[in-house]
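One structure is given here, and the rest of the page talks about it.
Bear in mind the structure is a predicted one, so any value in this text is a computation, not a measurement. We count ligands from 1, going down the list as the structure has it; atoms in each ligand are counted the same way.
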Amino acid sequence: MTTAYVTCPLCEATCGLEVTLDGATVTGVRGDRDDVLSQGYICPKGASLGALHHDPDRLRTPLIRRGGELVEASWDEAFAEIDARLPGLIDAHGRDAVAVYVGNPVSHNVSASVYLRALVKALRTTNVYTAGTVDQIPKHFSSGYLFGGAMTIPVPDLDRTEYLLVLGANPLVSNGSLMTAGDVRSRLRGIRKRGGRIVVVDPRRTRTAEFADEHHAIRPGADALLLLAMVHTLFAENLVRLGTLSSHVAGVDDVRELAADFAPETVTEATGLPAADIRRLARELAAADRAAVYGRIGTTTQEFGTLTSWLVDVLNVLTGHLDREGCAMFPLAAAGQANTAPGKPFRAGRRHTRVRGLPEVIGEVPVATLADEIETPGDGQVRALITLAGNPCLSAPNAARLDAALAGLDFMVAVDIYRNETTRHADVVLPAPSALERPHYDVTLYQLAVRSVANWTPATLTSDVPQEWRTLLRLSGVIAGQGPNPDVDALDDLFAADLAGRYGVAADDTRRGPERIVDLMLRAGPFDLTLADLEAAPHGVDLGPMRPRIPDVLSTESGKVELAPEAIVSDVPRLAAALTRSSAQGPGPVGEASGGRDLILIGRRHLSSNNSWMHNLEPLVRGSNRCTAQLHPDDAGGLGLADGDSVTVTARTGSIAVPVEITDTVRPGVVSIPHGWGHDVTGVRTTVATRHSGANANVLTDDFALDVPTGTAALGGIPVTLTPTP
Ligand code: SF4
C-alpha cells in the first residue's frame with residue numbers, strides 16, 4: 001500500500017488529493033487535509049480519479065482508420081500514417097488547411113498546455129480554435145483592453161471580502177472558474193461568518209443563489225444592462241470613489257457619458273429587476289468597505305459578453321474595489337506569471353477569419369466559425385484537424401453542423417483518452433496517459449488563484465502510453481518534415497532552450513519535458529522557487545494572499561487602467577439598440593400559434609459533470625437523469641407537461657427531445673438544459689456514457705448568435721420553442 005499526494009487536474013479549483021494505492025490499483029481518493037489551498041476539500045469528480053484511471057474504455061493503444069473503421073495500431077504505424085498524409089496535405093493546400101482545436105482539459109495538463117506551443121509553432125496555422133472561444137474569451141478581451149494583458153484578470157479576494165456580487169456564476173457547483181479557490185464552499189461560508197453578504201444575479205436559483213443572502217432572477221442576457229444601470233446610479237448619486245486608484249485610471253468621464261441613458265427605470269423591463277433593487281445594489285456595493293463583483297460563464301457566453309465582462313470591472317474600479325485587500329485583486333503566480341508587466345499592450349483582431357471575418361483574440365479564432373472554414377471552398381479552406389482533449393461535437397455551438405463538417409474532413413488526428421463523439425471522426429487517434437500517469441503543475445490556473453500557491457505532482461503511476469509532451473513533439477517533428485520518427489529529445493532541448501532564452505534563466509538540463517520547463521518557470525518567477533523546493537513539499541507551498549499590484553501590473557499604452565477603451569465601448573450602441581428593441585417588442589411568445597411555447601434557453605452545471613468528458617464513469621452518472629429541461633411550473637402547466645414527460649425543444653439550428661423537470665428555481669420564460677450530453681451516436685467507445693446518453697443541448701445553440709467584439713457564441717439567451725413530444 002502506498003499513498004500519493006496529487007493536485008487534482010479536473011477543474012480549476014486545483015484541490016490537493018490523497019490517493020491510496022495497492023500496487024498499481026487505486027484503492028481510495030480523499031481530500032488532502034494538509035493541502036495549502038484546498039485543505040481537505042474533494043468533490044465527486046476528484047473522488048473518481050481512480051475510476052477514470054481504471055476505466056476499461058480509456059484508450060491505451062493508438063487507433064487508425066482502415067476500411068472506414070478505427071482499428072488498433074502501434075505507435076509507429078500511427079505516426080507513419082500521419083507522416084504519409086499530413087505534410088503532403090500542407091504542401092498541397094497551405095498551412096491554414098490544418099486547424100487545431102484545444103479542449104478544456106489541456107488547461108489542466110502541464111504536458112499538453114506547455115508543449116501545445118511547439119505544435120502550433122510547427123503548424124504555423126492561423127486556424128487555432130479552443131474551448132476558451134466557447135466560453136471565456138470576452139473576459140480576456142475586456143481585461144486586455146482595461147489592464148493591458150489578456151491574463152491580467154482580477155479575482156475576488158474571497159478570504160477577506162465582506163460583500164460579493166456574483167453574476168452568472170455558480171461556484172458552489174463549478175468550484176470556481178476564472179477564479180482558482182480550492183474549497184470555495186468554506187471560503188464563501190467565511191464571508192458569511194465575517195458578517196459579509198453574498199448577492200447572486202442569475203436566471204436560475206442555483207445552489208450558490210440558495211446559499212446567498214439575496215438572489216435576483218434576471219432575464220437571460222440582461223446583465224450588461226443591470227451593470228450599466230448600476231454605473232449610472234453611482235454617477236447620479238455621487239457615489240464614485242476611486243480611492244487609491246485615482247491617479248491610475250483614465251476614461252472615467254467617458255463611462256459617465258456612456259451610462260447616462262441607462263437609468264435603472266429604463267432597464268427594468270429588459271432585466272426583469274425593479275429599479276429600486278438596482279439602485280440599492282449600487283449603493284450597497286459603494287458603501288461596502290471590502291467588496292468585489294465577480295462574473296463568470298453566464299456573463300461570457302451571451303450576446304453582450306464583452307460589455308458585461310468589462311462592466312464587472314468598471315464597477316470594481318468606480319467603487320474603489322480594485323486592487324485592495326478584500327476586493328477584486330490581481331493574483332501573482334509562482335511560475336509562468338502571465339500578468340507581470342512590462343508586456344506589449346493587448347491587441348485583438350490582428351487577423352480575421354477567412355469566411356466570416358471574425359476576430360482573432362489571444363491567437364485564437366472563434367470555434368463558432370470552424371464549420372464555415374471546413375465547408376467553404378477556396379484558398380485556406382480547412383481540410384485537416386488536430387484535436388487535443390477536445391469534444392467540440394458536444395461543446396461547440398450548432399454542434400450538429402460541426403459534427404457533419406468534421407465527417408467531411410480530408411484528415412483528422414485526435415490526441416485523446418476516449419473514442420468519443422468528436423474523435424470518432426479521426427483518421428488517427430493517439431491516446432494520452434491518465435491523470436495519475438503524468439506529472440502535474442497548474443501553470444494556467446495558478447494565474448487566477450485567490451492565494452499564491454505552488455504545488456508539483458510527480459506522476460503517481462508509470463504508463464506504457466507516451467507522455468503527451470513526447471506525442472506533441474513527435475507530431476511537431478512530423479509536421480516540420482522530419483519523418484515519422486523525429487528525435488524527440490533533441491526537439492525538447494530546442495524547446496527548453498528557446499523558453500530559457502525568453503525567461504532569461506538557464507535550463508536545468510538534467511531534467512526533461514515539463515519538469516525542466518516548470519523548473520525554469522519557477523526560477524524565473526517572483527518567489528525565487530525551484531522545482532526541488534516543490535518536490536520537497538508534497539502538500540504544496542503557500543506563498544501568501546494577493547497583494548496590491550497597481551501600477552506595476554498594468555501594461556496598457558497609457559500605463560493606466562483604461563476604463564473606456566474604444567474596442568469595448570464601441571459595442572454600447574448595440575446594447576442600446578437591443579434595449580430599444582426589447583421595449584418595443586415587449587414580452588410575449590410568438591410560437592404559440594404552433595401549439596408550442598417560446599422560451600429562452602440557458603445552460604446549467606452539475607457538481608458531477610465536467611463538460612462532456614466524465615460521463616463514462618459510473619459513480620458520476622448514477623442516479624436520476626440529469627440531462628433534463630428545467631421548466632417553471634407556469635411554463636410546464638401552459639404546455640400541459642408533467643414531471644418526466646418528454647418535451648421537444650426547437651431552435652433555428654435543430655431540435656432535441658428531453659425529459660421535463662418542473663422546478664420554481666428557473667424564472668418563468670426560461671428553460672435550462674445542461675450541455676455535454678448527447679452520447680447516443682455510433683462509432684464511440686464510451687459504454688457508460690452511451691447508457692446515460694442524454695441529449696446534446698448544443699444542437700440548439702447558434703453559431704450565428706455572437707458576442708460581436710470577440711465572436712464568442714452566445715450559448716445562453718437562445719430563443720427556443722417547446723412542444724410536448726408526440
Ligand atoms: S473541485 Fe475540482 S479540483 Fe477539487 S476535487 Fe473536484 S474536480 Fe478536483
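Residue Tyr418 is tested with Leu59, Asn616, Val429 for a side chain to side chain contact (heavy atoms under 4.5 Å, CB included); the sole match is Asn616.
Only protein N, O or S atoms were scored, and 1 of them lie under 2.8 Å from atom 8 (Fe) of ligand 1.
You'll find the side chain of Asn455 reaches within 4.5 Å of the side chain of Asp35, heavy atoms only.
In summary, the aromatic rings of His615 and His679 are positioned with their centroids under 6.0 Å apart.
Within the cation-pi definition used here (under 6.0 Å to the ring centroid, within 45° of the axis), Arg185 does not qualify as a partner of Phe211.
For the pair Glu18 (side chain) and Asp34 (backbone), a donor-acceptor distance under 3.5 Å is absent.
The aromatic rings of Trp469 and Tyr115 lie tilted to each other, with the angle between the two planes from 30° to 60°.
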